[in-house]
Amino acid sequence: ALVFTPAAFLVLFALDNTALHQTLSSFGTLEGGDESMSKWALLVSATLTGFVALALQTLGYQCEEATRASMMTIVEIPFAYLLQSIVFHDEVTPLGLAGVGLIAVATLLNVLH
């Protein structure tokens with residue numbers, strides 16, 4: 001992540017002439033006004049949370065068998081779908097439920113195989 005993310009930004013900036021300007025102008029929306037500190041606090045806390053989650057996932061891969069640990073990553077998808085419907089009140093669609101079902105069946109088949 002430390003190598004590929006900056007490389008992806010460089011490729012994006014090279015391919016899209018407006019990408020650099022859009023990126024820099026988005027930082028300007030974080031500054032100014034009474035809420036600027038709360039916006040920065042949210043940004044920093046979200047970044048730190050993502051970094052800690054990635055570090056814990058890496059630690060999990062190191063401590064457990066790779067196939068078993070990768071199944072936990074696959075199970076995140078149905079839980080994320082269900083949580084988005086509970087927390088954000090997103091509509092649960094039949095196509096989404098079919099996707100959750102297919103992922104659950106594929107994971108079970110992988111475990112039983």
Side-chain angles (χ1 to χ4, degrees):
L2 293 175
V3 173
F4 293 117
T5 302
F9 275 118
L10 290 175
V11 169
L12 174 68
F13 295 153
L15 295 177
D16 186 2
N17 294 335
T18 62
L20 181 61
H21 175 68
Q22 290 174 352
T23 303
L24 293 176
S25 67
S26 67
F27 284 117
T29 61
L30 291 173
E31 296 176 359
D34 295 335
E35 300 175 355
S36 65
M37 287 305 292
S38 64
K39 289 179 182 178
W40 278 105
L42 286 173
L43 178 65
V44 169
S45 64
T47 303
L48 289 176
T49 301
F51 180 76
V52 168
L54 183 61
L56 289 174
Q57 185 177 18
T58 303
L59 181 64
Y61 278 123
Q62 291 172 350
C63 293
E64 187 56 54
E65 196 176 304
T67 54
R68 186 177 292 173
S70 66
M71 280 188 278
M72 292 297 116
T73 304
I74 293 170
V75 173
E76 287 178 8
I77 298 168
F79 280 112
Y81 184 74
L82 295 175
L83 282 176
Q84 80 179 9
S85 68
I86 294 169
V87 174
F88 298 112
H89 306 291
D90 286 347
E91 181 182 352
V92 177
T93 63
L95 185 61
L97 286 176
V100 167
L102 287 173
I103 291 169
V105 168
T107 304
L108 285 174
L109 288 174
N110 195 15
V111 169
L112 297 175
H113 187 279

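For the single chain, residues carry numbers from 1 onward in sequence order. Computed from heavy atoms alone, side chains included, the values below leave out hydrogens, waters and symmetry copies.
- Clustering of Ile, Leu, Val, Met, Phe, Trp and Tyr side chains at separations under 4.5 Å places Leu56 together with Val52.
- Every residue two or more places apart in sequence or in another chain that forms a side chain to side chain contact (heavy atoms under 4.5 Å, CB included) with Leu59 is listed here: Gln62, Cys63.
- Side-chain heavy-atom separations under 4.5 angstrom define the hydrophobic clusters, and the remaining members of the one that includes Phe88 are Val87.
- In terms of the salt bridge (Lys or Arg N to Asp or Glu O under 4.0 Å) criterion, residue partners of Glu64 (sequence neighbours excluded) are, by chain and number, Arg68.
- Partners of Val11 according to the side chain to side chain contact (heavy atoms under 4.5 Å, CB included) rule, which considers only residues two or more places apart in sequence or in another chain, are Leu15.
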Let me have the donor-acceptor pairs involving side chains of residues 89-97, under 3.5 Å, with sequence neighbours excluded, atom names and distances please.
unit_1	atom_1	unit_2	atom_2	d
Thr93	OG1	Gly96	N	3.0

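- The side chain to side chain donor-acceptor pair (under 3.5 Å) check on Glu76 picks up nothing, with sequence neighbours excluded.
- Test Leu48, Thr47, Leu42 against Val44 for side-chain contact (heavy atoms from CB on, under 4.5 Å) and you get one pass: Leu48.
- Cluster note: Leu109 groups with Val105 through ILVMFWY side-chain heavy atoms spaced under 4.5 Å, whether in direct contact or through intervening members.
- Residues meeting the side chain to side chain contact (heavy atoms under 4.5 Å, CB included) test with Gln22, sequence neighbours left out: Thr18.
- The side chain to side chain contact (heavy atoms under 4.5 Å, CB included) search around Ile103 returns Ile74, Ile77, Pro78, Thr107, not counting sequence neighbours.
- Checked against ring pair (Phe, Tyr, Trp, His ring centres under 6.0 Å), Phe13 has the following partners two or more places apart in sequence or in another chain: Phe9.
- Identified under the salt bridge (charged side-chain N to carboxylate O under 4.0 Å, His left out) test for residues 20-29, with sequence neighbours left out: none.
- The structure places CG of Leu12 at 9.5 Å from CG of Leu20, a figure rounded to the nearest 0.5 Å.
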